[in-house]
Trainee: 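First the structure, which I've put down as C-alpha cells, then a few questions once you've had a look.
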2 protein chains.
Amino acid sequence: MTSTRATLSQVAERAGVSLASTSRALHGAGASKAMVERVRAAAAELGYRPDAVGRSLRMKKTFQVAFAVADIGNPVYVEMMRAIHGVLAPHGYRVVVMTTGDTTASTADLVRSLNSGFVDGMVISPLRTDDRLIREIQQAPVPVVVIGRALDDHGISSVSTDSAGGIGAAVRHLHETGRRRIGFLNGPLDTTPGEARQRGFDAAVLAGACPEGSEAVVAEDFTVAAGLVAARRLLAREGLDAVVAANDLLAIGAIHAARELGLAVPDDLAVTGMDDTEIGRVFCPSLTSVSLGSTERGRAAAQLMLRLAEDPEQQAQQVAVGPALIVRESSEFTASDRSER
Amino acid sequence: MTSTRATLSQVAERAGVSLASTSRALHGAGASKAMVERVRAAAAELGYRPDAVGRSLRMKKTFQVAFAVADIGNPVYVEMMRAIHGVLAPHGYRVVVMTTGDTTASTADLVRSLNSGFVDGMVISPLRTDDRLIREIQQAPVPVVVIGRALDDHGISSVSTDSAGGIGAAVRHLHETGRRRIGFLNGPLDTTPGEARQRGFDAAVLAGACPEGSEAVVAEDFTVAAGLVAARRLLAREGLDAVVAANDLLAIGAIHAARELGLAVPDDLAVTGMDDTEIGRVFCPSLTSVSLGSTERGRAAAQLMLRLAEDPEQQAQQVAVGPALIVRESSEFTASDRSER
DNA sequence: GCAGCGACTGGAAACGATTCCAACTGATGG
DNA sequence: CCATCAGTTGGAATCGTTTCCAGTCGCTGC
C-alpha cells in the first residue's frame, strides 16, 4: 500500500549524470543516444514516473479540465461528461467534476475559484446566468466554455442549442399528426432551459400550431415526481389530446399521470419529451423526444476547450448544435385510432 | 478571459512584510493581530488566491481523489460518483473521473499511474480482478479503496455488497409469491458481478427455491439491448413464470421481450432487477429490484478514503453494505390473478 | 537592572520538475 | 594548427507555497 516514489534527481544520481540531462533524456530533445539509453535504464530500474505536481508548477499547466454542472446525476450532464472525458482523456487531460450549486452566486464563486489554478480550463453548464456570472467568466484566468446559452456578444466561448426551436418542432409534429389541443409541461421558468422552452412553445402557439387552444403548467423541477404532480393539474383541463414536456423526465411524469386517469398513450394522449435520454428510449411506450445532442454538445465543448488550452491566445468561439425530433411510440397513432375518436 | 493571478510574494511586497509572515498571517497560526490585518488587506486588494499547485508541491497533498470505473455513464456508477462527490467536496477535495478500460491490464495500468502523484487516493470499482491488479493496488503510493469485492485477505480497503445474497432474496421472494419456474438472466460471467450473481442464483436453486426447475442465460452485456436478445432465448423455454435479471437494464430488456410474446408483466411473468436505479423506479410497470445501496457504498468508500487521506498510517478497512429487496409492480400479483392460472 | 521567557518576524531551504545559459567536447574547414 | 561550430552536458534559476531555524523585541519576575 505504500511504496515510495522515485524522483528525477534519484534517477539522475543512479544514472550518474546531471539533473538537466536526465530531464532532457526522458523528455526527448537534445540528448545523445547513449545518454538517453543510460537514463532510460536508470528510470526503468527505479520505476520512475514524473511527478505531476512538480511538472505542473514548472510548466504552468495542470493537464486538468473542470466540468461543472448543477447536478452530476442528471442524465443529460452524464452524457456530456462522458463525451467530454472521451475527447479529453486521449489528449492526456484529466476531468475534474464540480457542482455549481443552485444559485448564480454559487456558480460565480465556482468560476472565481479558478484563480487557484488547479485546472487549465472549465466547461460549465449553468442553469441560470446573470451579469456577475458573465463577468467572472470573462475575467477567469483560464478559458471557460459555456454549454447552454449562446454568449457570443460577451466574447465567451459557448456551445448552444435551439431548445426553443426544438419545442416548436415537437408541437408542429403533434399538429401534423392530428393533435388539436396541446398542453405544455415545463420546468422552472427562471432557468435558462425553462425560459427558452417556454418561448418556443409560445411561439409555436402563436404560429397557429394549436388550432383548438393550448394550456401550460410549470413543474417545480425537471424531475419525474414534479412532472407527475404538475401533469395532474394539466390533464384536469378539458380536451387535451397531447402533452409536450420540457424534458424526458417530465414526460414520463405526464405518462404516469395519464395512466392514473385511464388515458392511453399515445391513443388518447400523445406525449413528447426532450433530451432523448436512455430512460426515454427504453420506456414503454418508447418516448418521442427532441434530441438536443448532449453527446455532440459535450464533444464540441471539449474540442473547443482543447484548442483554447493548447493555445491561450485563441479567440472565443461559438458552436451551435441543432435539435432533432425523434419520433417513437408515445406520439404515434394509427389511422384507426384516430378515426375512432 | 485573461486576468493575471497574484502570488504570495506580491502580497508580501504590498503588505511590506516577509513572505513567511504573509503565509502565516493568511493561514492563521503564529501571527500578530496587526500582521494578520495588514496582510489580509493586501491580499484582498490584490484578489489573492493561493495557488493550488505550489501548495500541493510543498504540502505533498493534492486535495484530489480519483474515481475510476469502466463506464462513467452507467447509472450505478453515476450514483456512486454523486455520493462520493457529496462526501468529499465539503472537505475540500476535488473528484477526478477516470476510466479503467475493459481489461484488468488497463485497470492495473491506471492504478500504476497513481505514481504520478496527481491525487491523494483513488476509489475504484473494477469489473474484473486479477493478481496483477491486486498487486498494483497493494503497491500504490496512495490509498486505494475498492468498491465491489471484499479484499480483506489482501490488506486492501474495500466496500463490498452481497449481490449473490441479493439474487437469492429475489428468487425467494418470487417463490414465496407463488412463482414456480424461474429463469435467470445474467450478464457476462467473467465479471465480478456476473460471477457473484450466478453463484447466488445457483445457490438459491439448490436450496429448493425453484420447485419446478430453472433456466439461465447469459447476455453479452449488462444493457437493455443485450437483455432483450438474451431474454428472447430465455423465454423460448417452456413454462417460465418469473425472470430474475442481474440488473435493472437486463430486466427491462426482459420485459420488452415478454411484451413481444404477448406476456403480461407481472400477471403472466414476474420480473425482478437489481441495483434499484431511477430508470427501474419510473418504468411501467415499476420494477421490483434488489438495491445494492450504490449511494451508500459510494458514501462509505468516500468516508474510508477521507480517513485514509487524512492519516496515511490508517489500517486498511472493510465495509459491507447489505442488499435490500424492493418490491414494486413488476413482481406483484393479486390473489385473483393467481387463481385464474 | 538584568536574566529569562514568550511572542513575532524574516531568511532560507525545501518540494520536483523544466529550461536558460555557459562551458566543454570533438570535428571540420581554412 | 587554430578558429569556429554544432552537439552535449551540468550548474543554477525558477515556478508558488510552507515551514524550519535563528534572531529580535518587549515583558515579567527576581
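Every chain is numbered from 1 and lettered A, B, ... according to where its sequence line falls, protein lines coming before strand lines. The basis for the numbers below is simple: all heavy atoms, side chains too, and nothing from hydrogens, waters or symmetry mates.
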Trainee: Would you say the side-chain atoms of A/Arg149 and A/Thr129 include a donor-acceptor pair closer than 3.5 Å?
Mentor: yes

Trainee: Taking atom P of C/dA14 as reference, at what distance in whole Å does atom NZ of B/Lys61 sit?
Mentor: 24 Å

Trainee: For C/dT18, does the base pair up with any side-chain atom of A/Arg58 as donor and acceptor (N or O, under 3.5 Å, distance only)?
Mentor: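 Check passes, donor-acceptor contact within cut-off.
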
Trainee: Do B/Arg307 and B/Gln314 have a side chain donor and acceptor closer than 3.5 Å?
Mentor: no

Trainee: What's the CD-P distance between B/Glu37 and C/dT9, to the nearest Å?
Mentor: 13 Å

Trainee: Any donor-acceptor pair under 3.5 Å linking the side chain of B/Asp311 with the backbone of B/Leu308?
Mentor: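 Judged by distance alone, no pair lies under 3.5 Å.
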
Trainee: Give one of base, sugar-phosphate or nothing for A/Thr7, where a contact means two heavy atoms less than 4.0 Å apart.
Mentor: sugar-phosphate

Trainee: Hey, are B/Thr104 and B/Thr107 close enough side-chain-wise for a donor-acceptor pair under 3.5 Å?
Mentor: no

Trainee: Rounded to the nearest angstrom, tell me the gap between atom CG in A/Asp51 and atom P in D/dC15.
Mentor: 19 Å

Trainee: To the nearest angstrom, how far is A/Leu46 atom CG from C/dG16 atom C1'?
Mentor: 15 Å

Trainee: Regarding A/Ser106 and A/Thr103, do their side chains bring together a donor and an acceptor under 3.5 Å, going by distance alone?
Mentor: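 There is such a pair (donor and acceptor under 3.5 Å, judged by atom type) between the side chains of A/Ser106 and A/Thr103.
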
Trainee: Nearest-Å distance, CE (A/Met59) to P (D/dA13)?
Mentor: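 Between P of D/dA13 and CE of A/Met59: 22 Å.
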
Trainee: Do A/Ser160 and A/Ser158 have a side chain donor and acceptor closer than 3.5 Å?
Mentor: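 The criterion, which ignores hydrogens and geometry beyond distance, is not satisfied for A/Ser158 and A/Ser160.
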
Trainee: Side chains of A/Ser157 and A/Gln317: do they bring a donor and an acceptor to under 3.5 Å?
Mentor: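 The answer is no; no qualifying pair exists.
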
Trainee: If the sugar-phosphate is the primed atoms plus P, OP1 and OP2 and the base is the rest, what is the B/S/- string for nucleotides 4-10 of chain D, using protein heavy atoms under 4.0 Å?
Mentor: ----SBB

Trainee: Can you tell me the distance, in whole Å, between the CG atom of B/Leu57 and the P atom of D/dT18?
Mentor: 11 Å

Trainee: Go through the N and O atoms of the side chain of B/Arg55 and the base of D/dT18, and report whether any donor-acceptor pair is under 3.5 Å.
Mentor: no

Trainee: Do the side-chain N or O atoms of A/Lys60 get closer than 4.0 angstrom to the phosphate oxygens (OP1, OP2) of C/dT18?
Mentor: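 Indeed not, no polar side-chain atom of A/Lys60 lies that close.
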
Trainee: Taking atom P of C/dT19 as reference, at what distance in whole Å does atom CG of A/Leu8 sit?
Mentor: 12 Å

Trainee: Between A/Phe118 (CZ) and D/dG16 (P), how many Å, whole number?
Mentor: 17 Å

